[in-house]
Amino acid sequence: QGQLVESGGGRGQPGGSLRLSCAASADTFAVYTMGWYRATSGNERELVASITTDDMADYTDSVKGRFSISRDSAKNTVYLQMNNLKPEDTAVYYCKAQHPRLPRIYYYWGQGTQVTVSS
């Protein structure tokens, strides 16, 4: 467990949509909270959205109403549906698995996928 494989990044137009995917191992997915973070050049990674094993979701204010996080237990995959894209959404997006009780001890990062929003 611990391997996270991201896909779906690329270029989108302002007002358009992209969907990011993050595939995890079955053991990780069954227990861990999953989340998406993003980082621009020179900045720290910041939380975009997270979702628990019982489908409780949380979002940063800047993406509320535009992004939606979900998880598919049959595929051990978490998704980030990104609608109404804005240029400020441009960043490298990282998937993270985090143990709900011991997040500082048990966590895993994906390698990141670039999202670029431009005309």
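Keep in mind the model is a prediction, meaning the values are calculated, not measured.
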Can you get from Tyr106 to Leu4 by hopping between Ile, Leu, Val, Met, Phe, Trp and Tyr side chains that sit under 4.5 Å apart? yes
Is there a chain of hydrophobic side chains (I, L, V, M, F, W, Y, each step under 4.5 Å between heavy atoms) that links Val31 to Tyr108? yes
Just to verify, what does [X] make a side chain to side chain donor-acceptor pair (under 3.5 Å) with, not counting sequence neighbours?
X: Ser118; answer: Arg11
X: Glu6; answer: none
X: Lys64; answer: Asp61
X: Asp55; answer: none

Output all residues satisfying side-chain contact (heavy atoms from CB on, under 4.5 Å) with [X], sequence neighbours left out; order by chain, then residue number.
X: Asn43; answer: Thr40
X: Ser70; answer: Tyr79
X: Ala49; answer: Tyr59, Ile69, Leu80
X: Arg45; answer: Tyr37, Ala39, Tyr94, Trp109

Which atoms form the tightest heavy-atom contact between [X] and [Y], and what is the distance?
X: Leu102; Y: His99; result: N-ND1, 3.3 Å
X: Thr28; Y: Ala97; result: CG2-CB, 3.7 Å
X: Ala91; Y: Gln114; result: O-NE2, 3.4 Å

Show the atom names and distances, to 0.1 Å, of all donor-acceptor pairs under 3.5 Å that link a side chain in residues 12-24 to residues at least two apart or in another chain.
{"unit_1": "Ser17", "atom_1": "OG", "unit_2": "Asn83", "atom_2": "OD1", "d": "2.8"}

If you measure only the distance, is there a donor-acceptor pair under 3.5 Å linking the side chains of Thr52 and Asp54? yes
With sequence neighbours left out, which residue pairs that include part of residues 27-67 fulfil the disulfide (SG to SG under 2.5 Å) condition? none
Mutual orientation of the aromatic rings belonging to Tyr93 and Phe67 [parallel < 30°, tilted 30-60°, perpendicular > 60°]: tilted
May I ask you to check whether over 12 heavy atoms, not counting those of Glu44, lie within 6.0 Å of atom CD?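 Atom CD in Glu44 is not crowded, with 12 or fewer foreign heavy atoms closer than 6.0 Å.
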Residue pairs passing the salt bridge (Lys or Arg N to Asp or Glu O under 4.0 Å) test with at least one member in residues 65-75, sequence neighbours excluded, are Arg66-Asp89
Once salt bridge (Lys or Arg N to Asp or Glu O under 4.0 Å) is applied, what residue pairs with a partner in residues 103-112 remain, sequence neighbours excluded?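 Of all non-adjacent pairs touching residues 103-112, none passes salt bridge (Lys or Arg N to Asp or Glu O under 4.0 Å).
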Under the criterion side-chain contact (heavy atoms from CB on, under 4.5 Å), I'd like the reasoning laid out for Cys95 against Met34: C-alpha separation, chi angles, the key distance, then a yes or no. CA-CA 7 Å; Cys95 183; Met34 305 296 296; 3.9 Å; yes
Atom pair CZ/OG1 of Phe29 and Thr77 - distance to nearest 0.5 Å: 6.5 Å
Nearest-0.5 Å distance that lies between atom CZ in Arg101 and atom OH in Tyr32: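 Interatomic distance, Arg101 CZ to Tyr32 OH, rounded to 0.5 Å: 10.0 Å.
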Audit row: Lys96, Leu47, side-chain contact (heavy atoms from CB on, under 4.5 Å) steps and yes/no: CA-CA 10 Å; Lys96 185 183 182 183; Leu47 176 67; over 6 Å; no
Give me the one residue out of Val115, Val63, Thr90, Val92 that meets side-chain contact (heavy atoms from CB on, under 4.5 Å) with Arg38.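 Going through the options one by one, the only one that passes is Val63.
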